[in-house]
Amino acid sequence: RRERVLKAVSDLNYIQNASARNLKRQMASTIGLVVRDLDNQFFSALARGVVDAAADQGVLVVLCSVDNSEQAESGNARLLRSQQVDGVIYDSGFHENARSLLELQALGPVVLVDERIPGLDLPSVVADGRRGTREIARHVVKLGHKRFACIAGPSAHWTSEQRLAGYREGLAMEGLEPDQMLIRHGDYKLESGYEIAKELMGLPKSERPTALLCANDMMAIGAMEYCRSSGIAVPADVSIVGFDDIPMARLLSPRLTTVRQPAYEMGRGAVQLLFTMTQSGPDATPPDPFAVDVVIRESTAAPRAE
């Protein structure tokens, strides 16, 4: 009998209905993923972790990128509602208008990844970025630097605030006054790192930072590109650090000192949490923050003697 069934499946080119199978198992059949910017390799790795973990369970992922646009975020929320997804993994970076998130919650569970949103009780999967920036700042201080500037992420974003707080703590722990650090806010894109580095490195020599602490690798790469195009040597004239450890960071010349956070594993962890919520309800416990590692490369060195 089994052989006859298998032959019929083959003859009819039968494909199992994943939605029906997952409904029977009380699991999602389709989930949404909203990310900020697929040009950034961190989000590409995060998305790969989500897609791989979902595929392990026969679940389809609808991927949306907001490209740092609040208008695109609202449009993607409408798209996901029209697709009737069973849950959403969310990392857009926009906190000002929670309406889209509240509407998505009506469809099923929502899991934040790499962010938290004050005022919204949503589970999140994050890395310990504050510890990472604290430790990398301490590393740069121990090299002998005293004039710092931070190219931070967007104002009021959770990741930006956490990383900036870590930089401040690292300076304070090494006996420096964190309020003397110059702070400029970028948008996590390469172009903003370039433009802010242009401003900072154009200051009078006595005020110019000897170390740039960048809140992600893309802005650090932009800062390095400005320095390269302007004849400013990295790290002889200025040390530069990033955050994420995207694959490009180890291909630069000099290679970028940065903080490694496990984007792929965070994506997989977000899927696991979403599936747990689908089966057990909204009170599922998020995982502890993922550990990060400081990766020392050639973009940092002792400051030039004055």
Side-chain angles (χ1 to χ4, degrees), residues 28 31-38 40 42-43 46-47 49-50 61-81 85-133 152-168 185-189 215-216 243-244 261-263 265-278 281-290 292:
I31 62 174
L33 170 62
V34 179
V35 296
R36 232 170 289 176
D37 176 15
L38 284 173
N40 185 328
F42 170 79
F43 295 109
L46 179 74
V50 169
V61 177
V62 178
L63 173 62
C64 302
S65 172
V66 303
D67 195 29
N68 288 320
S69 162
E70 196 163 357
Q71 182 178 0
E73 180 191 41
S74 298
N76 284 326
R78 289 193 298 272
L79 170 65
L80 292 173
R81 291 197 303 275
V85 297
D86 300 301
V88 177
I89 295 170
Y90 199 88
D91 181 5
S92 82
F94 292 110
H95 301 176
E96 294 81 3
N97 183 359
R99 181 176 178 179
S100 296
L101 273 172
L102 294 174
E103 291 172 348
L104 289 173
Q105 269 193 295
L107 297 177
V110 175
V111 170
L112 302 178
V113 60
D114 193 39
E115 67 175 319
R116 286 176 176 152
I117 301 180
L120 288 182
D121 186 20
L122 293 173
S124 57
V125 174
V126 299
D128 193 358
R130 187 165 180 163
R131 185 189 70 79
T133 53
S155 300
H157 284 214
W158 183 80
T159 55
S160 177
E161 291 178 345
Q162 289 293 302
R163 293 173 194 179
L164 180 55
Y167 287 135
R168 290 179 179 275
H185 289 277
D187 62 3
Y188 285 138
K189 286 180 171 286
N216 79 338
F243 191 102
D244 285 332
Q261 62 172 344
E265 289 78 7
M266 291 166 68
R268 294 192 68 95
V271 172
Q272 183 58 56
L273 178 58
L274 187 72
F275 287 171
T276 300
M277 294 172 67
T278 301
D283 295 329
T285 303
D288 292 335
F290 281 81
V292 299

When you measure from the side chain of S160 to the backbone N and O of S155, does any donor-acceptor pair fall under 3.5 Å?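 No; judged by distance alone, with no hydrogens or angles, the pair does not exist.
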
Using modelled atom types only, decide if a donor and an acceptor are shared between the side chain of R131 and the backbone of V292 within a distance under 3.5 Å.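 Here the side-chain-to-backbone pair exists.
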
Looking at every non-hydrogen atom in both residues, tell me the closest pair between [X] and [Y] and how far apart they are.
| X | Y | value |
| --- | --- | --- |
| P109 | L274 | O-CD1, 3.4 Å |
| G153 | A215 | N-CB, 3.6 Å |
| A284 | T276 | CB-CG2, 3.7 Å |
| L273 | P123 | CD2-CB, 3.9 Å |
| A127 | P289 | C-CB, 4.2 Å |
| V113 | M266 | CG2-O, 4.1 Å |

Exactly one of V35, V271, L46 should register a side chain to side chain contact (heavy atoms under 4.5 Å, CB included) with I89. Which one does?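 Only one of V35, V271, L46 forms a side chain to side chain contact (heavy atoms under 4.5 Å, CB included) with I89, namely V271.
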
Find the distance between [atom1] ([X]) and [atom2] ([Y]) and round it off to the nearest 0.5 Å.
| X | Y | atom1 | atom2 | value |
| --- | --- | --- | --- | --- |
| F42 | D91 | CZ | CG | 6.5 Å |
| L164 | H185 | CG | NE2 | 6.5 Å |
| I117 | L122 | CD1 | CG | 6.5 Å |
| M277 | D86 | CE | CG | 13.0 Å |
| E161 | R130 | CD | CZ | 10.0 Å |
| L63 | L38 | CG | CG | 5.5 Å |

Test Y188 against every option in N216, N40, T159 by the side-chain hydrogen bond (donor to acceptor under 3.5 Å, both in side chains) rule and name the one that passes.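 Going through N216, N40, T159 one by one, the side-chain hydrogen bond (donor to acceptor under 3.5 Å, both in side chains) with Y188 is satisfied by T159 alone.
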
Working note: V125 + F290, criterion side chain to side chain contact (heavy atoms under 4.5 Å, CB included); need CA distance, chi angles, decisive distance, verdict. CA-CA 8 Å; V125 174; F290 281 81; 3.6 Å; yes

Between R163 and T133, is any side-chain donor less than 3.5 angstrom from a side-chain acceptor? no

Are any non-hydrogen side-chain atoms of V50 and R268 less than 4.5 angstrom apart? no

Carefully, step by step, assess V126 and E115 under the rule side chain to side chain contact (heavy atoms under 4.5 Å, CB included). CA-CA 6 Å; V126 299; E115 67 175 319; over 6 Å; no

